[in-house]
Amino acid sequence: MYNPSEKSVTEKKPRKPGPVKRPYFSSEPSDRMRRLHRATLSLYTDLSLDGTLRRIVQAARDLTQARYAALGVPDGQGGQLMFLTEGLSAAEIAHIPHPPIGVGLIGEVYRSGRSIRLPDLSRHPRSSGFPAGHPEMKSFLGVPISAFGRPVGQIYLTERIGGAEFTEEDQALIEMLAAHAAAAIENARLYRQVQDREGELAARNRELELVNSLSTAVSTAIELEPLLQGILDRVVTLFGAKAGEVFLRSEDGDVFVPVIQRGMADEAFWAASQFRVGEGFVGRVAETGKAIWTNLAEAGEPRFLRRSVIDAGFGTLVSVPLLARAQVVGVMSLAFLGERPLRVDELGLLEAIGAGVGVAVENARLYRQARRIAVLEERERIAMDLHDGIIQSIYAVGLTLDTAKIMLQSAPGESESAMRQAIERLNSVIRDIRAYILDLQPSRVPMADLAEGLLQLANEFRANTLVEAEVRADDGLGRTLDPAVRSAMFHISQEALANVAKHARASRVWLSLRGEDGLVVLQVIDNGQGFDADAATPLLGHGLSNIVERGHAIGAIVEIASHPGDGTTVTVRLPVGRPA
Amino acid sequence: MAVGTPRLYIIDEHGPVRRALAERLSRVGSVTVVGDAAEPSQAVEAIHTDAIDIVLIEIKRSDGLGLELVRQITAPPDAPKVIVLTTYPTDWEEAAAKRAGAAAYVLKDLDAKELLRHILAAPG
């Protein structure tokens, strides 16, 4: 197997360390120096660590005409962090059972910090041989790369083409290359550090963006589910979670029910459909108000966690409370594949998000309550209207008919006139009911020109109420508005006129539609009795809340100005000319 | 006070109802309709001066003073009996009317006998 005639006489010479003062270039020295120079320059063109290492090992192989070249980067514990090879085919690499483990010559170069040059590496006392399947290698040159006295890697060359062994000149060249390589590796390391910092900064930025968009969403959103969905999506993405879900406290008790899920489409995560306080991860967070980080594989919660979840590779669960006024209103959970440690600042961010979302949940709940009250008030209003107009009128007619019946024998003349009166009153009741139904009809299709729609409303209003109504609109403006705006402004006008008819006791109403300073301004003004606009609560029950809501829906600002005795002005200002 | 038919007063904001009720009840013979009013002040004064025995009052008012009116009318020791009328009933309104001192809470139906039964029932 081994050539017994080979001698290991050269081993001592390369043990002389230090810079090479006297080059021993035996052949074409200037050519090899030029190639070294070119190679070293190329080391600085690429700042990635992988690219730099690859260039070093390629340059070393070129310079020495070795058949095989390798570069190892120590992991600092005697092993190899990286091991790059040149000259081995993919098939050859595939046959080598494992990368070098650093016990033989490779470990020796690292430990001694010196170059080793051998005509036959198998003869060296430190040689531990090759694993089965490794190509045959004989001549060997190993050169350490060190930066600031610290080993950062080694260059290995074997099987010098055309020559039996590596020369002193080869060694000198590679040692010079190694000096440059050390600098290049350090550069690449520093660059990677800078990049990591930048990555961290970018991550911080994304977190800030999330918190920022969250606070905007929290203060404006009224529909809870889309808000929760949006936040959960972002949090799942930011943290690289595989799945996420949000539980909310049910309105009537201490049960937490899932409302939003993501990434668990196929199967539910939990064996229970809801959790009581103290029950399961969700219930524990609800009880303590504190975040929980759990290693699922170790924690094992056979009562609630489905086996299939663990089988699917989920290993970490993080649950944070959604807090509002120190109450847990919900629980948000993230699930990760495998083990996912959570840094303190990440947990802090999650808890901050939980607090923000909690406020949003509470806001939405209060809004729903207010809406419910408004609906109740609306029903009350309809009942009152029926009382005021319709039932009373019919009751009066009925009483009149009852009286007429009594007088039928004794005073037929009076009886007849009472009946005639009753019929007249019934006709007027029918007209009242018609008008009332017309008023209750919420949606009417507005026409293509809002100005025309306003004219139509004014005409109807005049006919029904005998109150004078006047419309002024900028020429053509009513046609330029898009359908949603047209519809909203039409209905706002309708609602405002209905309010005037019911409450204002006005003698005159003005409707106007004009454009000014990038705004479309709609106004409905009456000269009626007005009301105290500062008393904010009646807004909910009135048609006024509908007006405000409709205005907000199209991005307009709605102002309702009124004083007792001074009439009422409803103003809707919509910014135009830029995307909504 | 002269012994005779009970003297009755009607308070309701709806004019036609007021007049039709007065007309209908005056045909009964067993009561005397003394007057009617929409406004509380007018009613309270009339009740004071006209020796009214029974007041019919529509509890649902646009000024929201229906219950308050019942309370005021029934407050004095020799107060008339108050019968509350309503177009549509609610439980809380009935309870509140009784607490305010109403003797009866009667739905506005075209059943004169029922209404008279309450009017002629012993005060209490």
Side-chain angles (χ1 to χ4, degrees), chain A residues 376-377 379-433 436 501-505 529 531 535 537-538 541-542, chain B residues 8 10-33 36-39 56-67 83-94 96-97 105-119:
Chain A
L376 286 177
E377 283 181 354
R379 282 159 67 169
E380 179 78 0
R381 185 179 72 78
I382 291 173
M384 279 303 283
D385 287 349
L386 291 174
H387 155 82
D388 289 349
I390 293 159
I391 303 177
Q392 287 277 69
S393 302
I394 294 173
Y395 181 59
V397 171
L399 288 170
T400 304
L401 284 174
D402 201 23
T403 310
K405 190 181 82 185
I406 293 170
M407 298 187 295
L408 200 56
Q409 299 297 326
S410 58
E414 281 179 59
S415 175
E416 198 199 326
S417 80
M419 279 192 248
R420 206 178 306 119
Q421 195 189 12
I423 289 165
E424 267 169 37
R425 292 238 189 91
L426 273 181
N427 269 330
S428 115
V429 170
I430 289 169
R431 279 195 301 276
D432 283 356
I433 295 177
Y436 190 74
K502 279 181 220 155
H503 309 295
R505 298 190 191 166
Q529 62 180 356
F531 62 96
T537 37
H542 272 225
Chain B
L8 194 132
I10 299 167
I11 309 172
D12 196 311
E13 284 185 301
H14 202 272
V17 166
R18 247 182 3 251
R19 285 187 292 277
L21 252 183
E23 185 79 12
R24 175 68 185 81
L25 291 174
S26 64
R27 305 271 157 185
V28 170
S30 49
V31 294
T32 305
V33 180
D36 63 75
E39 295 307 310
L56 293 185
I57 175 170
E58 166 60 65
I59 193 83
K60 290 181 172 71
R61 296 182 54 87
S62 63
D63 54 15
L65 292 176
L67 283 169
I83 294 172
V84 164
L85 293 177
T86 185
T87 47
Y88 60 98
T90 62
D91 289 345
W92 74 265
E93 193 181 64
E94 179 168 7
Y105 181 81
V106 183
L107 205 55
K108 274 182 175 164
D109 276 330
L110 295 171
D111 186 348
K113 281 193 188 123
E114 171 72 3
L115 182 56
L116 279 171
R117 192 173 62 74
H118 286 288
I119 290 172

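Chain identifiers are assigned alphabetically (A, B, ...) following the order of the sequence lines, protein sequences preceding nucleic acid strands; residue numbering begins at 1 within each chain. These values consider heavy atoms only, across backbone and side chains, with no hydrogens, waters or symmetry-generated copies.
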Quick one: do A:Q392 and B:E13 satisfy side chain to side chain contact (heavy atoms under 4.5 Å, CB included)? Show the steps, please.
CA-CA 10 Å; A:Q392 287 277 69; B:E13 284 185 301; 5.9 Å; no

Counting only heavy atoms not in B:D91 (residues, nucleotides, ligands), do more than 12 fall under 6.0 Å from its CG?
no

Search all heavy atoms of B:A20 against all heavy atoms of A:A396 and return the closest pair with its distance.
CB-O, 3.5 Å

Give the interface residues of residues 412-426 of chain A toward chain B, defined by a heavy-atom separation under 4.5 Å.
A:E414, A:R425

With rounding to the nearest 0.5 angstrom, report the OH to CG distance, A:Y395 to B:L21.
4.5 Å

Nearest 0.5 Å, what's the NZ-CD1 distance between B:K60 and A:I391?
8.5 Å

dist A:L399:CG -> B:R18:CZ (nearest 0.5 Å) comes out at 13.5 Å

Can you tell me how far CZ of B:R24 sits from NZ of A:K405, rounded to the nearest 0.5 angstrom?
7.0 Å

When rounded to the nearest 0.5 Å, the distance separating CZ of B:R19 from OG1 of A:T400 is 9.5 Å

